[in-house]
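Quick caveat: nothing in here was measured; it's all calculated off a predicted structure.
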Amino acid sequence: MRTTTSLIAGLLLLSALPAAAQPIEADPSWQAPPQDAPPPADPGDDWQARRAYVGLRGSYAFNANAVTTWTPTAPPTAIRASYASGGGGSVYLGAHLPLNLRLELEALYRWQPLSRLSLDGTNVTATGSTRIAAPMLNLLWDIPMPDDLGLQPFVGMGVGAAYTDTNLSGGGNSYTRQKRWDLAYSFIAGLAVPLSDSSRLTAMYRWLQVRNAGHKCAVGGSLQSVCLDNNVNSSAVDLGYEMDL
């Protein structure tokens with residue numbers, strides 16, 4: 001009897017081995033619980049990952065930049081000066097801000113020679129130039145564009161303090177002279193073209209105004225006191241190169 005029982009138990013064990021060797025198939029109806037995927041990154045919020053940058057611009061100043069002043073005589077004599085095309089440049093340090101904004105600290109220089117000077121509408125022989133040196137703080141906005149376009153337009157404005165050095169003379173007369181600091185501001189529109197992931201070329205138009213620039217004028221050879229505070233405008237096309245730090 002004991003032998004029969006052992007034999008039956010052995011047969012049952014052998015019959016169960018094939019079923020145990022079969023792999024366990026996963027239930028197709030069962031799925032792992034979904035995990036919360038992180039939200040897609042907003043390119044506009046990635047400003048902290050973008051580095052500061054430095055750049056260099058060369059300027060072509062082409063506006064006539066006319067100035068009219070009056071000498072304190074009786075009757076007053078109108079002096080009108082027009083400036084020819086000149087040049088200049090600037091160096092700047094910039095940083096990226098949220099909302100596609102950028103902030104730049106710029107050191108600007110511009111020079112334009114005298115092209116014509118008139119007294120009460122009559123041209124006279126004179127020589128000279130005007131020079132502007134200004135620290136500027138510029139706020140720029142990169143206009144959102146498709147990533148595959150490869151171009152980045154931008155607009156902005158700047159404010160600063162301009163030191164103007166003007167000296168126009170001829171025939172023994174100091175027609176117009178100016179050496180002083182005045183408020184300046186500008187409006188900017190431009191385009192950036194990437195050269196690599198960390199460098200780019202820039203081209204932009206800038207209109208610059210020096211507010212209430214005081215001029216000293218004289219026709220009789222002696223320099224008078226400030227004869228007029230007026231705004232001096234100039235325009236320029238700037239070409240530049242900038243790179244990330």
Side-chain angles (χ1 to χ4, degrees), residues 37-63 65 85-112 130-165 180-211 213 231-245:
D42 185 359
D45 292 338
D46 195 29
W47 63 275
Q48 290 179 326
R50 306 180 70 178
R51 299 180 178 178
Y53 59 93
V54 294
L56 176 67
R57 297 186 180 110
S59 299
Y60 171 69
F62 58 88
N63 189 54
N65 201 5
S85 298
S90 64
V91 294
Y92 57 95
L93 172 66
H96 292 274
L97 302 177
L99 304 177
N100 289 340
L101 295 173
R102 291 183 285 125
L103 191 65
E104 290 181 357
L105 180 60
E106 179 184 31
L108 177 146
Y109 174 80
R110 188 172 295 177
W111 169 84
Q112 290 180 258
T130 183
R131 294 178 292 177
I132 297 176
M136 301 290 294
L137 186 64
N138 304 321
L139 181 63
L140 305 174
W141 178 56
D142 291 329
I143 301 174
M145 302 295 291
D147 293 337
D148 57 353
L149 183 61
L151 299 175
Q152 180 58 69
F154 59 88
V155 294
M157 64 178 300
V159 62
Y163 180 79
T164 306
D165 182 358
R180 56 179 278 176
W181 289 91
D182 295 288
L183 175 67
Y185 63 88
S186 63
F187 293 98
I188 298 168
L191 189 70
V193 181
L195 297 176
S196 66
D197 292 339
S198 60
S199 63
R200 54 210 153 266
L201 295 176
T202 62
M204 71 182 200
Y205 167 81
R206 172 166 23 198
W207 179 83
L208 176 69
Q209 182 177 88
V210 180
R211 297 283 300 176
N231 302 329
V232 179
N233 303 328
S234 61
S235 297
V237 172
D238 294 357
L239 300 179
Y241 171 80
E242 63 185 39
M243 60 182 296
D244 296 333
L245 295 178

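Partners of W207 by side chain to side chain contact (heavy atoms under 4.5 Å, CB included), not counting sequence neighbours, listed by chain and number: Y185, F187, Y205, Q209, N233, S235. Applying the ring-ring contact (aromatic ring centres under 6.0 Å, His included) rule to W181 yields the partners Y163; only residues at least two apart in sequence or on another chain are considered.
Residues L208 and S186 come closest through the heavy atom pair CD1-CB, 3.9 Å. Heavy atoms only, all atoms of each residue included: A61 and R110 are closest at CB-CD, 3.8 Å. Here the closest non-hydrogen pair linking Y60 and S85 is OH-OG, 3.3 Å. Of all heavy-atom pairs spanning R51 and H96, the tightest one is O-CD2, 3.1 Å. Shown here for G156 and L140, the closest heavy-atom pair between the two residues is CA-CD2, 3.8 Å. Closest non-hydrogen pair, A162 versus A184, comes out as CB-CB, 3.7 Å.
Note that CD of Q112 is 7.5 Å distant from OG1 of T130, once rounded to the nearest 0.5 Å. Interatomic distance, CG of D182 versus CG of N231, reported as 9.5 Å (0.5 Å rounding). Put simply, CG on L56 and OH on Y241 are 10.5 Å apart, with the number rounded to the nearest 0.5 Å. To the nearest 0.5 angstrom, L137 atom CG is 5.0 Å from L103 atom CG. Note that CG of L93 and CD of E106 are 11.5 Å apart. Values are rounded to the nearest 0.5 Å.
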Using residues 188-196 as the side-chain source, report each donor-acceptor pair under 3.5 Å to any protein atom, sequence neighbours left out, with the distance given to one decimal.
from	atom 1	to	atom 2	distance (Å)
S196	OG	S198	N	3.3
S196	OG	S199	N	3.3
S196	OG	S199	OG	2.8

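V54 has its side chain within reach of L245: a pair of non-hydrogen atoms, C-beta onward, lies under 4.5 Å apart. The shortest distance between side-chain heavy atoms of W141 and N100 falls below 4.5 Å. In this structure the side chain of Q152 never reaches within 4.5 angstrom of the side chain of R200, judged on heavy atoms. Side-chain contact between L183 and V159 is present, with at least one heavy-atom pair separated by less than 4.5 Å.
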- Step by step, work out the side-chain contact (heavy atoms from CB on, under 4.5 Å) result for V210 and I132. CA-CA 9 Å; V210 180; I132 297 176; 4.1 Å; yes
- Where do L201 and L239 land on the side-chain contact (heavy atoms from CB on, under 4.5 Å) test, with the steps shown first? CA-CA 8 Å; L201 295 176; L239 300 179; over 6 Å; no
- Message: S90 vs E104, test: side-chain contact (heavy atoms from CB on, under 4.5 Å). Steps then yes/no.
- Response: CA-CA 12 Å; S90 64; E104 290 181 357; over 6 Å; no
- Query: Are Y92 and M136 close enough, and set up right, to give a side-chain contact (heavy atoms from CB on, under 4.5 Å), and what steps lead you there?
  - Reply: CA-CA 9 Å; Y92 57 95; M136 301 290 294; over 6 Å; no
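Counted by atom type alone, Y53 and R102 present one or more donor-acceptor pairs between their side chains at under 3.5 Å.
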